[in-house]
Amino acid sequence: MAKTHAEEQDRQQYGVLLYYKYTEIPDLNDLVAFYECNCNSLGLLGRVRLSPQGVNVTVGGKLSLLEKHIAAVMSNILFEGTDFKLATCDHPLNDKVAKECGFTSLSIRVVKDLVTLSSQPMLKSPEISNAGTHLSAVDFHSALQSAGKLLEKESPADTEGLVLLDARNLYETRIGKFHAPNVETLDPGIRQYSDLSSWIDDNSEQLKGKCVLMYCTGGIRCEMASAYIRSKGAGFEHVFQLFGGIQRYLEQFPDGGFFKGKNFVFDHRISVGSSDASVISTCLLCGSAFDDYSSRCRCTHCRMLVLVCGSCRKEKPLYVCELCQKHGKGVGSVPSIENGETQAGSSEELKTVFSDTELSRQVPWSHDNQPRRKIKILCLHGFRQNASSFKGRTASLAKKLKTFVELVFVDAPHELPYIYQPCFTESHGDCTSPSFERTQPPPSENCKKKYGWLVAPDFNGRSEADWKIADCPFDPLQYQQQTDGFEASLAYLKTVFSQEGPFDGILGFSQGAAMVAALVSAQKGRLTGEMDFRFVILCSGFALKLPELECKQINCPSLHIFGSDHGKDRQIANQASRDLASLFDDGCRVIIEHDCGHIIPTRSPYIDEIRNFLQRFL
């Protein structure tokens, strides 16, 4: 029978599809090819994340085409039992929101983990097979209604009761959450999901011996978090999670049930509510009822989304989220941006060791009048540089971050020979016929030693000769041949960490950035306790074909600073730095492209972005 006009019009409606599946993927390349072909042919936009452990997909398009995509995915036995969440909605109207949510293009990426449980690169992800028991929306509702009696048959006799754990970020919980009488609700109040494991570690006594009911937006974050709780052993066995997340619950209970407010979603819809239109959140500034994130206002310190009503918004807003306020930060504490040269000034401006007097003068004070420890960063120079020269080149950066950052510089372990390109000058002698004389290099005692983290395979160390004539003209791609010496540099850095650490992060410039990337990728449990750090900063970096960089994705918070396509960096091409950045999980990766050449820029707006990244780790 022919379809009616109304039916055909319905099928042309726009929709959003969300689904995930944890399953062993035998051939990632085949699956990548499938998604590229299928999504592009159907005109679907959004995010597809693939890992050896499964997939996580959020895409948008016409409903009829999304249904075709579901049918194609279901034909693969790997996706048996997948919960496809398909919702009708309006077509994206706000380009800013659509772009920020990834709905203006199709992004297909292979990642190490489908969700990032921890920002600590040394923390091993738990086995997903140990995840908590799934509860349907009806069973979850019944458990809350009866305050846990439904779960008694699966609970030990000494279980103290039931707790409800929200696995989402603070800005999500502010506009909607579950509330049930006689049920203790735990809101971790985290800035990002990767902070949840630390919260669980610090609050495990609130979970031990309890029946833990977990929930999140669609379910995937509970899979990993519940497995992490259960991995703690005795007393943490009874963990349950809402299957299909809040979305499935609201479908089952359109009036909201025990869920109050709106469900924050990571697409252009921003939030989805029940038939109960009550607003449970307020404007950050004036306290009036407000729950609309469409303006995308963010904290000036940590960039977390904040709620600011229309009457409080300003042309050049500065907002401070409640988490930053809790740690003593305010609008008045935002450092002023100083205009200056992008090249470093005097190296005397940088201090790598501070006296008690300097601490009292320079370290910011927290809300409880205790001095806050500075972020300590180990800095690795580029090839044929040294600690002293790199310290000078970054003096402007150090000056502008000095209130909360300490930079520590070390020489690389491989001492390099002095190399020079001979220059010939014309000499006429007796004026009868010209001759050419080769200029001589300067005395080596006038030159500072140069070092490298990685060297060419034929490198034999520095010879006894003062100078070595270059074998050929300078090759801007010489860094691609410097692939040896990693193990020696790794052993050397372990010593640096033990003697000068601990360090919060590592900054690498050029070859130093390549070394840092290889170090982070190579850790795989080898460096736990020896080289712990929380983030990396890679400046004008590049990726080398090293065994240490063969992993699919590096799960570590990272800041990538490099020249744009027209950024005048004549040493490292823009694409080389992009390739290095692509090795890092985009969920905790920040990229700054500039037009300043082969340096670390310190003028606005670049210094503001650098500050914002670093202030997350205070």
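FYI, the numbering just counts along the sequence from 1. Only a predicted model underlies this, so the values are computations on that prediction, with no experimental measurement involved.
- Applying the side chain to side chain donor-acceptor pair (under 3.5 Å) test to Q575 and every residue at least two apart in sequence or in another chain returns D579.
- To the nearest 0.5 angstrom, L507 atom CG is 8.0 Å from T394 atom OG1.
- Side-chain contact check for T116 and D113: no donor-acceptor pair (N or O, by modelled atom type) lies under 3.5 Å.
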* Asked: Are H560 and S558 close enough, and set up right, to give a side chain to side chain contact (heavy atoms under 4.5 Å, CB included), and what steps lead you there?
  -> CA-CA 6 Å; H560 303 263; S558 58; 2.9 Å; yes
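- Evaluation of the salt bridge (Lys or Arg N to Asp or Glu O under 4.0 Å) rule for E500 yields no partner, not counting sequence neighbours.
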* To do: Take R616 and V590 through the test side chain to side chain contact (heavy atoms under 4.5 Å, CB included) and record every step on the way to the result.
  => CA-CA 12 Å; R616 301 178 188 178; V590 176; 3.5 Å; yes
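- A side-chain donor-acceptor contact under 3.5 Å links R49 and S107.
- A salt bridge links E172 with R221: at least one charged nitrogen is closer than 4.0 Å to a carboxylate oxygen.
- Rounding to the nearest 0.5 angstrom, the gap separating the OG atom in S510 from the CD1 atom in I599 is 13.0 Å.
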* Given side chain to side chain contact (heavy atoms under 4.5 Å, CB included), test V59 with R47 step by step and report yes or no. => CA-CA 6 Å; V59 290; R47 302 181 301 277; over 6 Å; no
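- Aromatic ring orientation, H598 versus F509: tilted (interplanar angle from 30° to 60°).
- For the residue pair E593 and N574, a side-chain donor N or O sits within less than 3.5 Å of a side-chain acceptor on the partner.
- L493 has its side chain within reach of L519: a pair of non-hydrogen atoms, C-beta onward, lies under 4.5 Å apart.
- In terms of modelled atom types and a separation under 3.5 Å, the side chain of R109 and the main chain of V48 share no donor-acceptor contact.
- The one candidate from L583, V536, N555, L538 that meets the side chain to side chain contact (heavy atoms under 4.5 Å, CB included) condition with V520 is V536.
- With contacts defined as side-chain heavy-atom distances shorter than 4.5 Å, the pair V110/V32 qualifies.
- Classified by interplanar angle (parallel below 30°, tilted 30° to 60°, perpendicular above 60°), the ring pair Y606/H594 is perpendicular.
- Between the R589 side chain and the F584 main chain, a donor and an acceptor come within less than 3.5 Å of each other.
- Relative orientation of the H381 and Y451 rings is tilted, given thresholds of 30° and 60° on the angle between their planes.
- The main-chain N or O of Q385 is never found under 3.5 Å from a side-chain atom of S389 such that the two would form a donor-acceptor pair.
- Under the 3.5 Å distance criterion, with hydrogens and angles disregarded, no donor-acceptor pair is assigned to the side chains of S564 and D595.
- Within the 4.5 Å cutoff, no side-chain heavy atoms of R611 are placed close to those of V405.
- Ion pairing between R534 and D504 holds under the 4.0 Å rule for side-chain N and carboxylate O.
- D292 and S294 share a side-chain donor-acceptor pair at under 3.5 Å.
- The backbone N or O of K449 sits less than 3.5 Å from a side-chain atom of N386, completing a donor-acceptor pair.
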* To do: Starting from the C-alpha separation in whole Å, work towards a yes-or-no answer on side chain to side chain contact (heavy atoms under 4.5 Å, CB included) for S198 and D195.
  => CA-CA 6 Å; S198 295; D195 296 333; 5.6 Å; no
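- With hydrogens and angles ignored, the 3.5 Å screen pairs no side-chain donor or acceptor of S51 with any backbone N or O of L114.
- Nearest heavy atoms, L284 versus V320: CD2-O, 3.5 Å.
- The CD1 atom of I554 lies 7.0 Å from the CG atom of L580; values are rounded to the nearest 0.5 Å.
- Side-chain N or O atoms of N612 include none that pairs as donor or acceptor with a backbone N or O of C302 at under 3.5 Å.
- Shown here for G452 and F383, the closest heavy-atom pair between the two residues is CA-CD1, 4.1 Å.
- For the pair E609 (side chain) and I592 (backbone), a donor-acceptor distance under 3.5 Å is absent.
- Here the closest non-hydrogen pair linking Y171 and L305 is CB-O, 3.7 Å.
- Taking the side chain as every heavy atom from C-beta outward, L285 and Y319 approach each other to under 4.5 Å.
- The backbone N or O of D411 sits less than 3.5 Å from a side-chain atom of Y492, completing a donor-acceptor pair.
- A distance of 7.0 Å separates OG in S540 from CD1 in I572, rounded to the nearest 0.5 Å.
- In this structure, K376 forms a cation-pi arrangement with F503, its terminal cationic atom sitting closer than 6.0 Å to the ring centre and no more than 45° off the ring axis.
- Not a single donor-acceptor pair under 3.5 Å links the side chain of R168 to the backbone N or O of G189.
- Looking only at distances, no side-chain donor or acceptor of S521 sits under 3.5 Å from a matching main-chain atom of A518.
- Residues C596 and P601 come closest through the heavy atom pair SG-CB, 3.8 Å.
- Residues Q511 and L454 have side chains in contact (heavy-atom distance under 4.5 Å, counting atoms from C-beta outward).
- Two residues are said to be in side-chain contact when any heavy atoms from C-beta on lie closer than 4.5 Å; I375 and F535 meet this criterion.
- Every side chain to side chain donor-acceptor pair (under 3.5 Å) that R174 has, sequence neighbours left out, goes to E322.
- At least one side-chain heavy atom of L401 sits less than 4.5 Å from a side-chain heavy atom of L614.
- Looking at F497 and I506, their side chains come closer than 4.5 Å, going by heavy atoms from C-beta outward.
- Separation of atoms SG (C283) and CG (L307) is listed at 7.5 Å; rounding is to 0.5 Å.
- Between atom CD of residue E406 and atom SG of residue C379 there is a gap of 10.0 Å, rounded to the nearest 0.5 Å.
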